[in-house]
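Before any comments, here is the structure.
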Amino acid sequence: MAGQPKRGLDFAAWDVHLFDDDERFDVLIDAQGWDGFGVFFWICTKAYATNGYYYEWREETSAATIAKRMSGGIKSDTVNQVVKLCLRIGLFDNGLFDRESILTNKMMQERYMYAIEKRSVRGRTINRLYWLLKTEETKAYIVIPENEHNLSENDTKKSKVNRNNYYAMPSANAADTAGENIFITLPLNDKSNYSVSKSDVQHYKILYPAVDVEQQLRSMLGWLEANPSRRKTRTGIKGFITKWLNKVQDRGGVGYGFNPSDNVKNNVTTASGGNYPTGEKVF
């Protein structure tokens, strides 16, 4: 029927700084090798080509289908392991997967949004249940329905709660709807801010149990305020946070400023008398 916009993309760009800005890819490749990244890349590419910004996971068949399409010795067990890991470390949104069996993330949705910009003069309606970007992160040509009854029949899915309990970790990407759910905002290099929600904080506490997450986030804010030239991009800020918290976790929860090797150059004294790690050795 005329006037129906194409759902998928013919082309999707990838950030050339992908491996520089996001430590989660280090974790994925360390655990699963380049086969692991290949599985993640295949799922993202298939999502772009079909639905545009999400991949529908079918519990009984998806792993086998991906393994067959990729070939090269990739087995369905490997695919399942990669998906589990990607959900655990936040490369796919865990909460949305539990509810809807959908694989997506903010990075994928940002790329989709910019890819359709030139062909979305009339606006593009998306599935509200699957959209992770907050209102201030979403371009005006993306139409978010007020409720699920505004969605097309193809976009409406029945919610499936806790379908896969072994993935049940709180989602770090789920968008909070009220301002009181924001714990802290971190300045970015484009002069906008990145909001860290209270649910994000709880997610980080699960990942880094030895760390005083709230205090370390305050330390990150102080470091970013003191080093405006080294602020991160919107796609890189999450890698910055996880890298910082991971290093503190490795130290047994001891924050920066207590080890002379942290104080590389251009140190900034914190309120507690320590120093923010401003040298290249750390960030």
Side-chain angles (χ1 to χ4, degrees), residues 9 11-49 53-55 57 62-97 102-112 132 164 166-173 194 200 203-204 206-211 213 216 220 230 232-251 277 280-283:
L9 303 175
F11 174 81
W14 285 79
D15 187 350
V16 296
H17 299 293
L18 187 71
F19 299 109
D20 300 328
D21 291 340
D22 198 331
E23 193 182 47
R24 293 173 297 177
F25 289 110
D26 297 337
V27 176
L28 173 61
I29 294 169
D30 181 64
Q32 294 291 336
W34 285 103
D35 285 348
F37 178 77
V39 171
F40 173 80
F41 183 85
W42 192 98
I43 291 173
C44 291
T45 301
K46 193 66 173 178
Y48 292 136
Y53 57 94
Y54 64 89
Y55 179 81
W57 180 263
S62 287
T65 298
I66 294 171
K68 181 179 179 179
R69 297 292 187 272
M70 292 186 67
S71 67
I74 302 291
K75 303 296 184 184
S76 60
D77 284 347
T78 300
V79 176
N80 277 318
Q81 290 170 13
V82 171
V83 170
K84 283 186 183 181
L85 179 59
C86 288
L87 289 163
R88 181 166 65 84
I89 64 178
L91 281 174
F92 291 128
D93 186 85
N94 188 79
L96 187 51
F97 181 83
I102 291 296
L103 292 175
T104 188
N105 56 40
K106 284 189 172 183
M107 177 175 59
M108 183 189 300
Q109 296 185 4
E110 286 173 345
R111 291 200 185 103
Y112 168 79
L132 299 174
N164 294 282
Y166 55 97
Y167 289 137
M169 178 179 290
S171 168
N173 290 327
Y194 176 81
D200 291 336
H203 178 72
Y204 291 134
I206 293 172
L207 293 179
Y208 309 102
V211 178
V213 173
Q216 290 305 314
M220 292 178 211
R230 301 185 63 191
K232 309 305 174 182
T233 63
R234 185 165 295 278
T235 57
I237 188 65
K238 200 160 191 177
F240 169 78
I241 294 172
T242 57
K243 186 174 183 179
W244 182 303
L245 295 176
N246 189 60
K247 287 182 179 293
V248 176
Q249 174 74 20
D250 289 345
R251 296 162 60 102
E280 295 294 337
K281 281 182 68 176
V282 183
F283 298 107

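Position 1 is the first residue of the sequence, and the numbers go up from there. The basis for the numbers below is simple: all heavy atoms, side chains too, and nothing from hydrogens, waters or symmetry mates.
One distance of note links CE of Met70 with OG of Ser76; it measures 13.0 Å at 0.5 Å rounding. Annotation: the span from Asn94 atom CG to His203 atom NE2 amounts to 8.0 Å, rounded to 0.5 Å. Annotation: the span from Cys86 atom SG to Ile43 atom CD1 amounts to 7.0 Å, rounded to 0.5 Å. Taking OH from Tyr194 and CE from Met220, the interatomic distance works out to 11.0 Å, rounded to the nearest 0.5 Å. Interatomic distance, Lys247 NZ to Arg251 CZ, rounded to the nearest 0.5 Å: 9.5 Å. Atom CG of Asp250 sits about 11.0 Å away from atom CG of Leu245, to the nearest 0.5 Å.
Screening Asn105, Leu103, Leu132 against Asp93 for a side chain to side chain contact (heavy atoms under 4.5 Å, CB included) leaves a single residue, Leu132. Each of Trp34, Trp14, Phe40 was compared with Phe25 under the ring pair (Phe, Tyr, Trp, His ring centres under 6.0 Å) criterion, and only Phe40 meets it.
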* Asked: Where do Ile241 and Tyr204 land on the side-chain contact (heavy atoms from CB on, under 4.5 Å) test, with the steps shown first?
  -> CA-CA 9 Å; Ile241 294 172; Tyr204 291 134; 3.7 Å; yes

Open item on the list: For Leu85 and Gln81: C-alpha separation, side-chain torsions, deciding distance, then whether side-chain contact (heavy atoms from CB on, under 4.5 Å) applies.
Closed with: CA-CA 6 Å; Leu85 179 59; Gln81 290 170 13; over 6 Å; no

message = Checking Phe92 against Cys44 for the side-chain contact (heavy atoms from CB on, under 4.5 Å) test, could you report, in this order, the C-alpha distance in whole Å, the side-chain angles of both residues, the deciding distance, and whether it holds?
response = CA-CA 10 Å; Phe92 291 128; Cys44 291; 4.3 Å; yes

- Chi angles and distances behind the side-chain contact (heavy atoms from CB on, under 4.5 Å) call for Glu110, Arg234: CA-CA 10 Å; Glu110 286 173 345; Arg234 185 165 295 278; 3.7 Å; yes

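Using modelled atom types, no side-chain atom of Glu23 and backbone atom of Gly239 make a donor-acceptor pair closer than 3.5 Å. Formation of a donor-acceptor pair under 3.5 Å by the Thr78 side chain with backbone atoms of Ile74 is not found in this model. Proximity of a side-chain donor or acceptor of Gln32 to a complementary backbone N or O of Phe37 within less than 3.5 Å is not detected.
By the 4.5 Å heavy-atom criterion applied to side chains, Ile29 and Phe19 are counted as neighbours. For the pair Tyr208/Val248, no side-chain contact is recorded, criterion being any heavy-atom separation below 4.5 Å from C-beta on. The side-chain heavy atoms of Val83 and Trp57, taken from C-beta on, include a pair separated by under 4.5 Å. Contact check for Arg88 versus Lys84: no side-chain heavy atoms found under the 4.5 Å cut-off.
Contact detail for Lys75 and Ala67: the closest heavy-atom pair is C-CB, 3.7 Å. Of all the heavy atoms in Ala47 and Met108, the pair that sits closest is CB-SD, 3.7 Å. Here the closest non-hydrogen pair linking Gly36 and Leu28 is O-CD2, 4.0 Å.
Using a cut-off of 4.0 Å between Lys/Arg side-chain N and Asp/Glu carboxylate O, Asp22 and Arg24 are scored as salt-bridged.
Thr104 and Gln109 share a side-chain donor-acceptor pair at under 3.5 Å.
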